[in-house]
Each structure stands twice: as C-alpha cells, then as structure tokens.
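So the structure is just underneath, and the comments pick up after that.
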Amino acid sequence: MPLVSMRQLLDEAAKGGYGVGAFNVNNMEQIQAIMEAARETKSPVIVQASRGARSYSQDRFLYHLMLAATELYPEIPTVLHLDHGNSVETCKSAIEMGFTSVMMDGSLMPDGKTPSTFEYNVKATREVVEIAHAKGVTVEGEIGCLGGIEDGHGAGLDGLSHLTDPDQAVEFVKFTGLDALAIAIGTSHGAYKFTKKPTGETLKMERLMEIHRRLPHVHLVMHGSSSVPKDLQDIINQYGGKLKPTWGVPVEEIQLGIRNGVRKINVDTDNRLAITGAIRKVFFEKPEEFDPRSYLKPAREAMKKVVALRMTQFGQAGHAGDYAPVSLEEMAHRYHEPVAV
Ligand SMILES: [Zn+2]
C-alpha cells in the first residue's frame, strides 16, 4: 500500500485506545529494523525524519528507502512524517517530496532555538495546515517548549520552564485547525532527561490530563519519550562507552498518557543506544572484524527488538490489519468538507 496519512493512523489509534510510536531514521538499517518490528508485531508505523536526517540522507535516498519499505511490507500502514519542521518552507519541501505528515514546530523561531510568540506560532502553523490539508497531508503542531536539544533543534531548556498552558492549547487548536498537538509536560530530547527516576510529579501528567479533558478530540503527542533503559546503557559502558547515569521517561508514564489522549510517542534515543551498544560489542569482542555487515546486522537486530517492545507496550501491536488505507486525495476531500464528529 502507498504511504498513508498520519491522521488516519491516529484516528484509528484513538478508536482503539492505543498509542503509536514514531521512530526516527537516518539510514536503511533503521528503516529495516522498524519495518521488521512492525511485521513481527503486526503494527501500523510512523517513521519520522528530522531536518538533520533529511540532510544526512540527502532527502531523496530517504524517500526511496521508504518507498521500498511500502513495497516490501505492503500489509503495514506506514506514515512518513517530518519531525520538527522549523519553517513553512521546510514543511512545504517535505510535502512536495512525498511526506504524508509534517510537524510545524512554531514553538521556536526558524533558527530552531529561540522560543517564539504565540502569534508567530499560530500564523506559521495555520499556513502549513492550509498547504498540507489541501494535499491530504497531516499536520502536527507544538505549543510550549520541550527541553533539551535534538539534532541541533531545541532551546536547550530544562523541559519545565515552558510547559504547555491548557488555555493556550485550546486557542491554538481552534486557530490552527491542526491534527495532532505536541505538548510540553516536562520531557526533553536526548539521552540526559532526568538525573533520577522521574515520577508522575516530575512529569506533569496532571497537566496532560487537563489538556485532554479540554481537547478530547485532539491527538496528543509526547516528544522526548525514550525510556533510556539501564540495560542498553550498560551494554554501551560494558564495551568501552562512557555514558553518564541517566533516566528517561518510564513506560508506565507513557501508558498513563495513552489512557489520556496521547496517540503519538516519539522515540529516538533508545534506538540510538541499542545500535551503539551492539556495534561496540562486536568491536570489543571481535576486533579482527572489518566487514560492516558484521556489526550493522546485530545493530539492526538490537534496534528491531527495542521497537517491537515499544510497539507492544504502546498497544499498536496487532492493529496493522484493522483498516484499509485512505488515499491522500480522499483525506484532502475530507478536510475540505469536514464531517461532524
Ligand atoms: Zn521532538
């Protein structure tokens, strides 16, 4: 099946009461790992690429790898999503290239660092919604600022200084007409999220619940939601790595979010850790190896395991065959003539 819109995947997830992981990719092995995990667990998937990933993979390589994925895994509904588009232009170029979903992150200025005003965010996001919906493409926006920095993108804040204001979230959705809303509830990008295991207090789950109560039909998105498991950190450190002790977002907090309107969960760091650990292990145990396949195969397998586990934990497993894909043309038509829900 062709690439499908994210809106359809998230609408289905809302009906089924589950969440869908959105996994970042830069290369072929990561795409293969995700697609294999999806087949094994029968999961719909969101594959996402940041600006950094698009430039690393020269854009067209990435797009054609994704086409290969849809050819080889025709039973899996697959979305290609732009992660943290920094400007209307970036989103436009992704839509032109064939992404079926884009994030316009207007919470920051186009430099990807400076927190923006509410007015700027509304204007930029609204513009992307108009362009995207005309083509049936999904739009994710963000209100509030996440902590940390991801691929050079982020204000480098602690994750708590620009939490999403529920009143603003309501206004933002009304003014922009977006499909999915990323909220800041204390999560941050990267491996170093927390210096001890976070609780429901560290993460502002109450705020998430309030936003969901006020916007029950909006698909919420949790960014920076790697769990940074100790066993993956340990493998890296055991084979010569030097990661400092760190904690991510516990899976049970994500599951609580899923029970409260979270439909998309962004995971990148966990996969990076799995890949790096597997490669380090080969280098350490078999220093005579020099065939890239000897370490990329176990790296791909390690990432597949993490992705399959998350798919099961988020509840998307078993749902790949629930629905037939809706074409982007049909999605565009639906946006044009909205049906009352
Ligand atoms: Zn993010």
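We number each residue from 1, following the sequence as shown. Computation of the quantities below employed the complete heavy-atom set of this structure, encompassing side-chain atoms and omitting hydrogens, waters and symmetry-equivalent molecules. Just so you know, ligand 1 is whichever comes first in the structure, and atom 1 is the first atom listed for that ligand.
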Between CG on residue L65 and CZ on residue R60, distance to nearest 0.5 Å: 11.5 Å
From SG (C145) to NE2 (H223), nearest 0.5 Å: 12.0 Å
Nearest to the Zn ion (ligand 1) - the N/O/S atom of [X], by atom name:
X	result
H223	ND1
H84	NE2
H189	NE2

Ignoring hydrogens and angles, write down the donor-acceptor pairs under 3.5 Å from the side chains of residues 254-261, residues two or more places apart or on other chains.
{"unit_1": "Q255", "atom_1": "NE2", "unit_2": "Q313", "atom_2": "O", "d": "3.0"}
{"unit_1": "N260", "atom_1": "ND2", "unit_2": "L256", "atom_2": "O", "d": "2.8"}

For Q32, side chain to side chain contact (heavy atoms under 4.5 Å, CB included) partners two or more places apart: M28, E29, R300
